Amino acid sequence: MKDWILALDIGTSSTRALLWDTEGNLIKPCEAQIKYSLHTTPDGGAEIPAEALFQYTAQCLDSILEQATAQGGTVRAVGISTFWHSLVGIDSYGNALTPIYMWADTRSAPQADRLRLELDELALHRRTGCRIHPSYYPSKLVWLRETQPNLYHSVARWVSPSEYLFGRLFGAQAIRVSVSMASGTGLMNQERCEWDSTALGQYGLEEAQFSPIINLNEPSRGLRKEFAERWQALKEVPFFPAVGDGACGNVGSGCTSPERFAINLGTSGAVRVLWRESQLPTRPIQPSGCWHYRIDKERPLIGTAFSDGGNVYLWLQESLKLPSLEAQERYIESAVPGGHGLVFLPFMSGERGMNWNPKARSALIGMNLDTSPLDVVHAVMEAIAMRFALAVGQLSDLFPQVQEVIASGGVLSKSPAWAQMFADAIGQPITLTEEPEASSRGAAQLAMEAEGTLGSSDWQTRMGKTYLPNATRFARYQELLAEQERYYQRTIL
């Protein structure tokens with residue numbers, strides 16, 4: 001029998017289960033995936049029922065275990081990658097009393113605005129790694145307390161979706177929060193890796209409303225009877241605490257030191273730097289446009305995230321009368337930077353980094369009767385690349401030792417012209433990883449590390465094409481970025 005690691009990748013739009021061998025290779029064709037959509041509301045709500053998400057996960061486990069048995073493999077550990085910043089209210093038995101309020105839920109924007117005026121946001125950011133923003137727990141909880149007080153006060157504990165999952169699988173004693181999940185709440189002290197008592201007091205919260213924080217090497221074992229009978233192969237297998245999907249993506253793409261920046265461009269986007277505290281003599285102070293999260297007590301993560309990326313590109317494909325993707329690629333490859341004369345502000349889903357403005361909205365400036373759909377596509381692609389360049393610039397000041405920028409996500413691999421544009425806008429070479437499942441791979445690797453069978457060495461990561469920047473185009477993109485920032489100041493602030 002072959003030993004495999006089962007990785008659950010619980011995402012915003014689907015849950016997947018994949019199998020990895022102990023050398024970091026994906027077991028093909030084994031895969032289970034269930035897609036779903038969030039429930040959204042006109043006032044900015046974004047939710048999913050907690051029990052529905054659990055059932056999707058359980059169905060993926062049904063399928064992947066059946067495939068593993070057919071392939072003659074044995075699961076030795078389970079690693080979990082999942083989205084950050086989302087929460088659900090449970091009772092004392094672990095039953096969900098609320099839906100999962102997702103990271104994309106912006107209904108608490110008015111509360112966030114007020115809290116910024118009332119509190120010292122800089123001090124909170126320095127301690128918790130998080131700005132005051134609707135993505136994080138504090139403004140969501142203040143909003144619920146003010147708008148649904150009866151529901152709020154009926155909740156015994158506020159937990160992440162992964163904590164709810166562990167409670168369902170192992171019982172109430174397993175409802176514990178990983179350092180990684182707690183680090184993305186806006187309530188954990190990043191230096192001490194414990195709930196920040198000052199922040200809790202300022203928001204009118206108590207530590208008893210949240211789960212005990214545990215490190216990555218503290219798994220749960222011994223499934224409840226109904227699930228032990230359903231998945232006998234997992235009965236005593238260790239399930240390691242969940243890790244944020246972005247952090248897993250860094251590990252899975254080989255970006256585990258301050259010499260490598262990770263860029264991800266999928267539906268949304270992010271730039272991240274991961275390191276071990278022993279690798280740097282002093283702890284960097286994150287810039288105002290960035291967040292600070294963790295994998296565990298030894299590995300911090302600094303970066304920034306963008307709500308808009310491939311989702312805007314997809315919207316363009318569906319909304320404009322465009323030629324084929326091949327024709328678009330040829331046009332973008334030969335186009336002069338900024339030759340369309342347009343300025344696009346890429347905030348169709350609001351803004352997280354760099355300015356944390358949830359009320360930011362997109363604007364397309366400079367159109368005339370000669371503007372073509374291809375001009376609009378070109379302007380949008382450039383605008384998104386320049387926001388990434390802005391973030392990389394801030395992080396490069398913090399981590400001058402950077403030597404490589406590694407990009408993952410299907411969007412850039414499908415558009416070489418956009419990948420080249422990113423290199424030109426950033427002014428550094430960009431290498432595409434050939435690991436298509438970076439987050440799942442990272443979750444599997446972290447499970448093996450926590451199990452004690454891999455040590456601290458990385459699996460070998462396969463790399464693809466490197467795009468070299470054009471100095472002339474880089475200079476032009478710097479000018480265009482300054483113009484974009486001027487319009488941002490006039491239009492959004």
Side-chain angles (χ1 to χ4, degrees), residues 12 38 40-46 83-86 101-117 121-122 124-125 130-136 138-140 142-143 184 186 246 263-271 286-291 303-316 319 342-367 376-377 379-395 425 477 480-493:
T12 302
L38 302 180
T40 58
T41 61
D43 60 347
F83 46 82
W84 263 307
H85 324 313
S86 305
Y101 300 106
M102 297 293 291
W103 61 268
D105 195 308
T106 60
R107 286 175 290 187
S108 62
Q111 284 73 23
D113 287 343
R114 191 184 75 235
L115 290 168
R116 286 193 201 97
L117 296 175
E121 186 179 18
L122 179 61
L124 284 164
H125 187 216
C130 302
R131 296 283 296 271
I132 298 175
H133 189 271
S135 290
Y136 300 121
S139 60
K140 284 187 175 75
V142 173
W143 166 71
I263 281 181
N264 177 263
L265 183 64
T267 302
S268 55
V271 184
Q286 71 270 23
S288 62
C290 297
W291 38 251
T304 195
F306 306 97
S307 296
D308 292 306
N311 57 336
V312 183
Y313 182 74
L314 178 61
W315 180 84
L316 291 171
S319 303
L342 303 172
V343 176
F344 181 68
L345 303 178
F347 307 114
M348 296 184 75
S349 303
E351 185 184 21
R352 288 187 278 170
M354 302 293 290
N355 298 293
W356 301 97
N357 184 354
K359 293 183 287 188
R361 291 295 178 266
S362 288
L364 182 61
I365 302 158
M367 285 195 299
V376 175
V377 171
V380 168
M381 293 170 75
E382 288 187 327
I384 292 171
M386 288 188 291
R387 301 315 289 178
F388 276 79
L390 186 63
V392 169
Q394 282 203 9
L395 289 170
Y477 278 124
L480 294 172
L481 177 57
E483 184 179 18
Q484 185 189 63
E485 283 291 278
R486 286 194 295 271
Y487 275 105
Y488 179 97
Q489 297 293 326
R490 296 176 194 168
T491 308
I492 293 179
L493 294 185

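In this text the structure is predicted, and so the values were computed from the model without any measurement.
Looking at every heavy atom in both residues, Pro346 comes nearest to Ser362 through C-OG, 3.8 Å. Taking both residues in full, the closest heavy atoms of Phe83 and Thr12 are given as CD2-N, 3.8 Å, listed atom of the first, atom of the second, then distance. Closest non-hydrogen pair, Asp105 versus Gly45, comes out as OD2-CA, 3.4 Å. A pairwise comparison of heavy atoms in Gln111 and Ser139 identifies CB-O, 4.1 Å as the closest pair. Listed here is the closest heavy atom pair of Thr267 and Asn311: O-OD1, 2.8 Å. Minimum interatomic distance between Lys140 and Pro134 (heavy atoms only, all atoms of both residues): NZ-O, 2.7 Å.
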| said: Using the rule given for side-chain contact (heavy atoms from CB on, under 4.5 Å), can you reason through Trp291 versus Gln286, listing the C-alpha separation, both sets of side-chain angles and the distance that settles it, and then say yes or no? | reply: CA-CA 7 Å; Trp291 38 251; Gln286 71 270 23; over 6 Å; no
For this session: Please report the C-alpha distance between Asn357 and Phe347 in whole Å, then the side-chain angles of each, then the deciding distance to 0.1 Å, and finally whether the side-chain contact (heavy atoms from CB on, under 4.5 Å) criterion is met.
Result: CA-CA 9 Å; Asn357 184 354; Phe347 307 114; over 6 Å; no
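Under a 3.5 Å cut-off, the side chain of Arg131 and the backbone N or O of Ser288 do form a donor-acceptor pair. Under a 3.5 Å cut-off, the side chain of Arg116 and the backbone N or O of Glu121 do not form any donor-acceptor pair. Using modelled atom types, one side-chain atom of His125 and one backbone atom of Cys290 make a donor-acceptor pair closer than 3.5 Å. Using a distance-only test at 3.5 Å, with no hydrogens or angles considered, no donor-acceptor pair links the side chain of Thr304 to the main chain of Met354.
Here the NE2-CZ distance, from His85 to Arg352, works out to 6.0 Å after rounding to the nearest 0.5 Å. Going from atom CD of Gln484 over to atom CZ of Arg486 covers 11.0 Å, rounded to the nearest 0.5 Å. Here the CE atom belonging to Met367 is positioned 10.5 Å from the CZ atom belonging to Phe344, to the nearest 0.5 angstrom. For the atom pair Ile132 CD1 and Leu117 CG, the distance stands at 9.0 Å (nearest 0.5 Å). The line from OH of Tyr477 to CG of Leu480 is 7.5 Å long, rounded to the nearest 0.5 Å. Considering CG of Leu265 and CD1 of Ile384, their distance stands at 7.0 Å, rounded to 0.5 Å.
Side-chain contact check for Phe388 versus Val271: some heavy-atom pair is nearer than 4.5 Å. Residues Leu390 and Gln394 have side chains not in contact (no heavy-atom distance under 4.5 Å, counting atoms from C-beta outward). Side-chain contact between Ser86 and Trp103 is present, with heavy atoms from C-beta onward closer than 4.5 Å.
Scanning for side-chain hydrogen bond (donor to acceptor under 3.5 Å, both in side chains) contacts around Glu351 gives Asn355, Tyr488, with sequence neighbours left out. When the side-chain hydrogen bond (donor to acceptor under 3.5 Å, both in side chains) test is applied to Glu485, the partners found at least two apart in sequence or on another chain are Arg387. For Asn264, the side-chain hydrogen bond (donor to acceptor under 3.5 Å, both in side chains) partners are Ser408, not counting sequence neighbours.
More than 12 heavy atoms of other residues, nucleotides or ligands shown are found within 6.0 angstrom of CE on Met348.
Between Tyr136 and Trp356, the ring planes are tilted. Angles from 30° to 60° get that label. Note: Tyr101 and Trp143 have perpendicular aromatic rings, judged against thresholds of 30 and 60 degrees for the angle between ring planes.
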